[in-house]
Amino acid sequence: MRHLIDITDLSQPELDSLLDLASEIIENPGKCADACKGKKLAALFFEPSTRTRLSFEAAMLDLGGSVIGFSDGGSSSAAKGESVADTVRTVGCYADIIAMRHPKEGAPLLASRHAGVPVINAGDGGHNHPTQTLADLLTIKREKGRLGSLNIGFCGDLKFGRTVHSLITALSRYEGIALTLISPKELPVPEYLKASVIEKNNMPFTETVDMEAALPELDILYMTRVQKERFFNEADYIRLKDRFILDAYKMKNARPDMSVMHPLPRVNEISVKVDDDPRACYFKQVLNGKFIRMALILTLLEVLS
Ligand code: NCD
């Protein structure tokens with residue numbers, strides 16, 4: 001049984017074929033319209049979500065399948081004290097595949113050991129978010145025509161931003177990726193990631209607090225929100241939340257072909273004036289997110305049409 005808990009659960013050839021399959025679906029959306037007929041996806045969301053949950057649901061519906069689940073753990077028996085293991089063992093009796101988001105790091109991994117059906121990590125605490133990474137990789141490939149030889153800037157909350165952790169891990173498998181890590185001193189990339197991914201794979205990287213100085217060198221700028229819900233102290237959040245704001249003025253110093261990415265939701269960190277700049281890719285990521293999740297569901301359920 002296959003699960004997707006960490007982006008490295010996919011081998012490089014598997015990742016490449018997922019990206020190819022998503023591109024095929026984009027070219028020919030009707031291709032898989034009935035591929036998951038009779039199958040059910042359970043979306044178990046113990047944390048807020050707009051894009052991830054709805055794109056999973058839209059993906060399954062577009063494959064001809066159906067969807068059950070909840071968007072608030074408080075409305076499930078977790079509120080009565082049920083364990084994640086028992087919840088997913090139950091859901092595995094009703095659904096063919098589970099997408100789970102949970103505030104506790106490792107909850108989807110635990111779920112995968114008890115569910116009896118494939119489990120997809122739709123975000124676990126400040127840890128990982130592999131399906132956002134799939135959407136990001138598809139977007140980079142379509143925008144840049146390649147996944148290697150890129151100077152990528154990550155900006156914002158690199159400590160708690162799970163999308164950053166999974167994307168850096170995925171990028172470590174490509175040649176010629178250089179990282180510019182732009183964050184407040186309080187929110188750097190975690191040491192474990194630096195040691196076990198960035199340094200282990202000899203990825204060139206620089207850490208800086210100066211977004212404007214870094215900007216002209218970048219092929220891609222991946223902006224992130226300061227993760228309010230992971231802070232213990234509101235005063236720290238307020239102090240750090242608006243440290244980096246990308247606006248039209250700063251975009252003048254960026255390369256004419258620099259792509260601006262963001263997993264969304266955006267709070268203040270990208271001015272809405274940037275939305276009309278052709279370099280803004282964040283709503284393309286949203287759309288690509290549905291197609292790559294279609295490809296992922298088809299692959300994990302082994303129902304390729
Ligand atoms: C991200 C997440 O949930 O980690 N959102 C998403 O799934 N697209 C980013 C965030 O919440 O800041």
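- The environment of OH in Tyr192 is crowded: more than 12 heavy-atom neighbours from other residues, nucleotides or ligands sit within 6.0 Å.
- For Asp34 (side chain) and Lys37 (main-chain N/O), no donor-acceptor pair under 3.5 Å exists by modelled atom type.
- The shortest non-hydrogen separation linking Ser76 to Gly73 is OG-O, 2.7 Å.
- Residue pairs meeting the salt bridge (charged side-chain N to carboxylate O under 4.0 Å, His left out) criterion with at least one partner in residues 1-11, sequence neighbours excluded, are Arg2-Glu14.
- Proximity of Lys228 to Lys241: side-chain heavy atoms (C-beta onward) are nowhere separated by under 4.5 Å.
- Applying the side chain to side chain contact (heavy atoms under 4.5 Å, CB included) rule to Ala85 yields the partners Ser83, Leu110, His114; only residues at least two apart in sequence or on another chain are considered.
- One finds the CD1 atom of Ile7 at 10.5 Å from the CD atom of Gln132 (value rounded to the nearest 0.5 Å).
- Within the model, atoms OG of Ser112 and CE of Met100 stand 9.5 Å from one another, a figure rounded to the nearest 0.5 Å.
- Summarising the local packing, CD of Glu175 is surrounded by 12 or fewer heavy atoms from other residues, nucleotides or ligands at distances under 6.0 Å.
- Linking ILVMFWY side-chain heavy atoms closer than 4.5 Å, directly or via other members, places Val164 and Leu150 in a single hydrophobic cluster.
- With hydrogens and angles disregarded, a donor-acceptor distance shorter than 3.5 Å links the side chain of Ser75 to the backbone of Asp72.
- Listed by chain and residue number, Arg53 satisfy the side chain to side chain contact (heavy atoms under 4.5 Å, CB included) test with Ser71 (two or more places apart in sequence, or in another chain).
- Contacts of Glu105 classified as side chain to side chain contact (heavy atoms under 4.5 Å, CB included), with partners at least two apart in sequence or in another chain: Asp124, His127.
- Contact record, Thr169 with Ser172: O-OG, 2.6 Å, taken as the closest heavy-atom pair.
- Apart from Phe231 itself, the hydrophobic cluster it occupies contains Phe160, Leu187, Val226, Tyr237, Ile238, Leu240, where clustering links Ile, Leu, Val, Met, Phe, Trp and Tyr at side-chain heavy-atom distances under 4.5 Å.
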(request) Show your working on side-chain contact (heavy atoms from CB on, under 4.5 Å) between Ile120 and Ile98 and close with a plain yes or no. (result) CA-CA 6 Å; Ile120 302 169; Ile98 293 173; over 6 Å; no

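- Shown here for Ile25 and Ala295, the closest heavy-atom pair between the two residues is CD1-N, 4.1 Å.
- Placement of Leu246 and Phe283 within a single hydrophobic cluster is found when ILVMFWY residues are connected by side-chain heavy-atom separations under 4.5 Å, directly or transitively.
- Side-chain contact between His129 and Asn121: absent, with no pair of heavy atoms (C-beta onward) separated by less than 4.5 Å.
- Put simply, the side chain of Arg101 gets close to the backbone of Ala122: a donor and an acceptor are under 3.5 Å apart.
- Hydrophobic clustering of Ile, Leu, Val, Met, Phe, Trp and Tyr side chains at less than 4.5 Å, counting indirect connections, keeps Ile198 apart from Ile182.
- Counting only distance, with no hydrogens or angles, the side chain of Thr133 and the backbone of Leu167 share a donor-acceptor pair below 3.5 Å.
- Contact record, Ala135 with Gly289: CB-CA, 3.6 Å, taken as the closest heavy-atom pair.
- For the ring pair (Phe, Tyr, Trp, His ring centres under 6.0 Å) condition, the pairs that include at least one residue of residues 194-226, sequence neighbours left out, are Phe154-Tyr222.
- Here the rule is side chain to side chain contact (heavy atoms under 4.5 Å, CB included) with Lys40, and of Ile97, Ile68, Val117 only Ile68 fits it.
- Under the 4.5 angstrom side-chain criterion for Ile, Leu, Val, Met, Phe, Trp and Tyr, Met1 has no cluster partners at all.
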(request) Begin with the C-alpha distance, continue with both residues' side-chain angles, and end with the deciding distance and a verdict on side-chain contact (heavy atoms from CB on, under 4.5 Å) for Thr180 and Ile152. (result) CA-CA 6 Å; Thr180 304; Ile152 307 190; over 6 Å; no

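- When side chains are defined from C-beta on, Leu181 does not count as touching Thr206, because their heavy atoms never get closer than 4.5 Å.
- Residues Leu134 and Leu54 are members of separate hydrophobic clusters, defined by side-chain heavy-atom contacts under 4.5 angstrom among Ile, Leu, Val, Met, Phe, Trp and Tyr.
- The shortest heavy-atom contact between Leu138 and Ala22 is CD2-CB, 3.8 Å.
- Residue pairs meeting the side chain to side chain donor-acceptor pair (under 3.5 Å) criterion with at least one partner in residues 284-293, sequence neighbours excluded, are Ser55-Arg293, Asp62-Lys290, Thr131-Arg293, Asp136-Gln285, Thr139-Asn288, Glu143-Lys284.
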With a 3.5 Å cut-off and sequence neighbours excluded, list the donor-acceptor pairs that the side chains of residues 255-263 form with protein atoms.
residue, atom, partner, partner atom, Å
Arg255, NE, Pro216, O, 3.4
Arg255, NH1, Asp219, OD1, 2.7
Arg255, NH2, Glu217, O, 3.2
Ser259, OG, Lys144, NZ, 3.4
His262, ND1, Leu264, N, 2.7
His262, NE2, Glu269, OE2, 2.7

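- Residues Ser23 and Arg142 have side chains in contact (heavy-atom distance under 4.5 Å, counting atoms from C-beta outward).
- Considering every non-hydrogen atom in both Ile168 and Val189, the closest pair reads CD1-CG2, 4.3 Å.
- Counting heavy atoms from C-beta on, the side chains of Arg225 and Gln227 come closer than 4.5 Å.
- With hydrogens and angles ignored, the 3.5 Å screen pairs a side-chain donor or acceptor of His102 with a backbone N or O of Lys104.
- A distance of 10.5 Å separates CG of Leu109 from CG of Asn128, quoted to the nearest 0.5 Å.
- Interatomic distance, CG of Leu41 versus CG of Leu63, reported as 10.0 Å (0.5 Å rounding).
- Side chains of Leu301 and Cys36 form a contact here, defined as non-hydrogen atoms less than 4.5 Å apart.
- Hydrophobic clustering (side-chain heavy atoms under 4.5 Å, transitive across Ile, Leu, Val, Met, Phe, Trp, Tyr) keeps Leu300 apart from Val119.
- Side-chain atoms of His165 come within 3.5 Å of backbone atoms of Gly126 as a donor-acceptor pair (strictly under, hydrogens ignored).
- Looking only at side-chain heavy atoms (C-beta outward), Val272 and Asp275 come within less than 4.5 Å of each other.
- Although no hydrogens or angles enter the test, the distance criterion places a donor-acceptor pair under 3.5 Å between the side chain of Asn201 and the main chain of Val197.
- In this structure, SG in Cys155 is found 6.0 Å from CG in Leu221, a value given to the nearest 0.5 Å.
- The pair Lys194-Glu207 meets the salt-bridge criterion, with a side-chain N (NZ, NE, NH1 or NH2) lying under 4.0 Å from an Asp/Glu carboxylate O.
- Among residues at least two apart or in separate chains, salt bridge (charged side-chain N to carboxylate O under 4.0 Å, His left out) pairs with a member in residues 157-174 are Glu47-Arg162.
- Applying the salt bridge (charged side-chain N to carboxylate O under 4.0 Å, His left out) test to residues at least two apart or on different chains, none of the pairs has a partner in residues 85-96.
- Comment: Arg239 engages Asp236 in a salt bridge, judged by a side-chain N to carboxylate O separation of less than 4.0 angstrom.
- Counting only residues at least two apart or on different chains, the ring pair (Phe, Tyr, Trp, His ring centres under 6.0 Å) pairs with a member in residues 48-87 are Phe46-Phe70.
- Ile270 is not listed as a side-chain neighbour of Ile245, based on a closest heavy-atom distance of 4.5 Å or more.
- The structure places CD of Glu191 at 10.5 Å from OG of Ser196, a figure rounded to the nearest 0.5 Å.
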